[in-house]
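Okay, structure first, notes after.
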Amino acid sequence: MTDPQARADLTPGLIRSLLRDQHPDLADLPLSLAARGWDNQLWRLGEELAVRLPWATESADELLLKEHAWVPGLAPGLPLPVPVPQRLGVPSGLLPRPWLVTTWVSGEPADRVPATRGEDAADVLARFLRVRDVAFRRSCHRSMV
């Protein structure tokens, strides 16, 4: 659920300040708003990167941290490209919430284009979920040993 207290006023100036403070080598790359989602805002950073910042829900913080922990290990085995976290931004006086620098994946989001090859889409989704489930089971097994 959207929490008015969790909403952050994310501006290009704030994002540049965050980058200067924590990842100065990225601070001068071109920056533009790419998308506003339910939990996060996505800002394009240069040609190959994006900045994902929690925006509207408190739960976004935990989700970003899980993404940072899990996606780099899962991505090589996935049947389609996904944004891969490259750097973690930590809470600070500028933004008291975690944030990510990820790779940029070009293309249209799947929810914005019609599925023209339904069977192929179903196969890709099934492979994607299998990779995720295998990784989850391995993680659970390691934590029990």
If you round to the nearest 0.5 Å, how far is [atom2] of [Y] from [atom1] of [X]?
{"X": "Arg130", "Y": "Leu78", "atom1": "CZ", "atom2": "CG", "answer": "12.0 Å"}
{"X": "Arg20", "Y": "Ile15", "atom1": "CZ", "atom2": "CD1", "answer": "12.0 Å"}
{"X": "Ser17", "Y": "Leu95", "atom1": "OG", "atom2": "CG", "answer": "11.0 Å"}

Test: Arg52 and Glu67 ion pair at under 4.0 Å: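 So Arg52 pairs with Glu67 through a salt bridge.
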Test: Asp25 and Arg87 ion pair at under 4.0 Å: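 Salt bridge between Asp25 and Arg87, a charged N being under 4.0 Å from a carboxylate O: yes.
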Looking at side-chain heavy atoms only, is the closest gap between [X] and [Y] below 4.5 Å?
{"X": "Asp39", "Y": "Leu63", "value": "yes"}
{"X": "His68", "Y": "Leu64", "value": "no"}
{"X": "Leu19", "Y": "Trp99", "value": "yes"}
{"X": "Leu18", "Y": "Ser92", "value": "yes"}

Take Leu26 and Leu49, measure what side chain to side chain contact (heavy atoms under 4.5 Å, CB included) needs, and give me the verdict at the end. CA-CA 9 Å; Leu26 304 177; Leu49 299 172; 3.9 Å; yes
Backbone N/O of [Y] and side chain of [X]: donor-acceptor pair under 3.5 Å:
{"X": "Arg44", "Y": "Leu31", "answer": "no"}
{"X": "His23", "Y": "Leu88", "answer": "yes"}
{"X": "Gln86", "Y": "Val84", "answer": "yes"}
{"X": "Gln22", "Y": "Val90", "answer": "yes"}

Looking only at non-hydrogen atoms, find the nearest pair between [X] and [Y] and report the distance.
{"X": "Val82", "Y": "Val105", "answer": "C-CG2, 3.5 Å"}
{"X": "Leu42", "Y": "Leu33", "answer": "O-CD1, 3.7 Å"}
{"X": "Ala60", "Y": "Arg97", "answer": "CB-NH2, 4.2 Å"}
{"X": "Val131", "Y": "Gly77", "answer": "CG2-O, 3.2 Å"}
{"X": "Pro83", "Y": "Thr102", "answer": "CB-OG1, 3.9 Å"}
{"X": "Ala50", "Y": "Trp104", "answer": "CB-CE3, 3.7 Å"}

Transitive ILVMFWY side-chain link Leu100 to Val71, under 4.5 Å: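 No, no single cluster joins them.
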Show your reasoning for whether side chain to side chain contact (heavy atoms under 4.5 Å, CB included) applies to Asn40 and Leu53. CA-CA 5 Å; Asn40 298 291; Leu53 302 108; 5.9 Å; no
